[in-house]
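In what follows, chains are A, B, ... by sequence order, proteins preceding strands, each numbered from 1.
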There are 2 protein chains.
Amino acid sequence: MSVKQKHDELAALLQGAGVRPTRQRLALAAWLFDGHDKHVTAEQVHDAALKMRAHVSLATVYNTLNNFTTAGLLRQVVIDGGQIYFDTNTGDHYHIFDEEGGYLTDIPAASVPIARLPKLPQGKSLSRIDVVLRVRTSS
Amino acid sequence: MSVKQKHDELAALLQGAGVRPTRQRLALAAWLFDGHDKHVTAEQVHDAALKMRAHVSLATVYNTLNNFTTAGLLRQVVIDGGQIYFDTNTGDHYHIFDEEGGYLTDIPAASVPIARLPKLPQGKSLSRIDVVLRVRTSS
DNA sequence: ACATCCATTAGAATAGTTCTAAATTACCGC
DNA sequence: GCGGTAATTTAGAACTATTCTAATGGATGT
Ligand SMILES: [Mn+2]
Ligand SMILES: [Mn+2]
Ligand SMILES: [Zn+2]
Ligand SMILES: [Zn+2]
């Protein structure tokens, strides 16, 4: 695929989500949506942008990650206090968290079948289920 | 139950967990372990201490909550980035999080039966399962 | 091209938590 | 009880992730 084709595809992705395809957003989207699922912090995205010699400020990285999240292109995952992971996989899935390595892996929702749920509080409905399997090196 | 009996019970609880029963720790424990399960932030604990006219600095609140957690008297729950909830229920349970009100409710682990788990990474074993049901006012 | 609105940016501000180092307190053996 | 020792408390500074501010720059539609 040509460089121009890739650019146009990304621009279409952003426009389809109601996000203007600026130079900075396209540069970050090119890295985020390269076909490999990622769980990344703002700082990791910023570092990646620097390595690509794309000049994107840290403030713009935060703005962009938040925009993409609102637009449904990313979702947030919170594991530890202290930092937010942005997840390029927006499908229905759960996570394995390696407590020693500090990294996340996706697992399909169907791999953790939940037979039934408790009664929810009066007038409330389910917005999302988060499941995290925390793992460590076997003793 | 007399005030002295209550004090002695709390002191025994702390000593049993390998934590020295200082004045500050006893004051915080008296409020935390009053029989009602709580999900509280450090600031909420500090405010409660002020209302009880116990003079406990914020640094000591953090030290104490972390000590109690290490000693197995509390556990941490992370929901949003930005702040840590300390949970006085250390048993096997999951949570309902009200996204609008920002508060947590306990649910027994048995109320969300998990039929099976995916294969874990080579050499890793399960340390804990976190399940959060996020709810909102029904549309 | 023009006007308008939206995005980008550096740097300051904010918020939750941890760190530092000095003063105080709990504990243990006598 | 008394003294020695190690653990705890504390105020304030430091740290970290994130958001805010306000000024500059860029995209879009006509
Ligand atoms: Mn980071
Ligand atoms: Mn708080
Ligand atoms: Zn994921
Ligand atoms: Zn709980």
Phosphate contact (D/dT10 OP1 or OP2) by B/Gln24 side-chain N/O below 4.0 Å: yes

From CG (A/Asp106) to CG (A/Asp87), nearest 0.5 Å: 5.0 Å

Distance, rounded to the nearest Å, where B/Asn66 contributes CG and D/dA7 contributes C1': 16 Å

Joint hydrophobic cluster, A/Ile129 plus B/Tyr94, side-chain heavy atoms closer than 4.5 Å: yes

Selected nucleotide, minimal atom distance to A/Tyr62 side chain, candidates D/dT9, D/dA17, C/dT9: D/dA17

Distance, rounded to the nearest Å, where A/Asp80 contributes CG and C/dG16 contributes P: 18 Å

Integer-rounded Å distance: D/dT19 C1' and B/Gln83 CD: 16 Å

A/Ile84 CD1 - C/dA15 C1' separation (whole Å): 13 Å

Heavy-atom check, side chain of A/Leu73 versus side chain of A/Phe33, under 4.5 Å: yes

Gap between atoms CD and P, on B/Gln44 and C/dT17 respectively (whole Å): 11 Å

Sugar-phosphate, base or nothing in reach of A/Asn63, heavy atoms under 4.0 Å: base

Comparing A/Asn67 and B/Ala59 on DNA chain C - which has the more 5′ nearest nucleotide: A/Asn67

Ion pair check, B/Lys124 and A/Glu100, cut-off under 4.0 Å: yes

Aromatic ring pairing A/His95/A/His39, orientation class (parallel under 30°, perpendicular over 60°, tilted between): perpendicular

Pairs satisfying side-chain hydrogen bond (donor to acceptor under 3.5 Å, both in side chains), at least one member in residues 58-70 of chain A, at least two apart: A/Ser57-A/Thr60

Nucleic acid contacts - residues 48-56 of chain B versus DNA chain D, non-hydrogen atoms under 4.0 Å: B/His55, B/Val56

Nearest to side-chain heavy atoms of A/Arg25, which nucleotide of D/dA17, C/dT17, C/dA7: C/dA7

Contact check, side chains of A/Ser127 and B/Val135, non-hydrogen atoms, under 4.5 Å: no

Interatomic distance where CG belongs to B/Asp47 and P belongs to C/dG16 [whole Å]: 11 Å

Within-4.5 Å side-chain heavy-atom neighbours: A/Thr41 and A/Phe86: no

Most 5' of B/Tyr85 and A/Leu58 on DNA chain C, judged by nearest nucleotide: A/Leu58

For atom CZ of A/Phe86 and atom P of D/dA17, their distance in whole Å: 13 Å

From A/Val131, A/Leu120, A/Asp130, residue fulfilling side-chain contact (heavy atoms from CB on, under 4.5 Å) relative to B/Leu133: A/Leu120

Cluster check A/Tyr85, A/Leu65: I/L/V/M/F/W/Y, side chain < 4.5 angstrom: no

C/dT8 phosphate, OP1 or OP2, under 4.0 Å from A/Thr60 side-chain N/O: no

Length of the CD1-C1' vector between A/Ile79 and D/dA17, whole Å: 17 Å

Protein and nucleotides 23-30 of chain D: nitrogen or oxygen contacts under 3.5 angstrom:
none

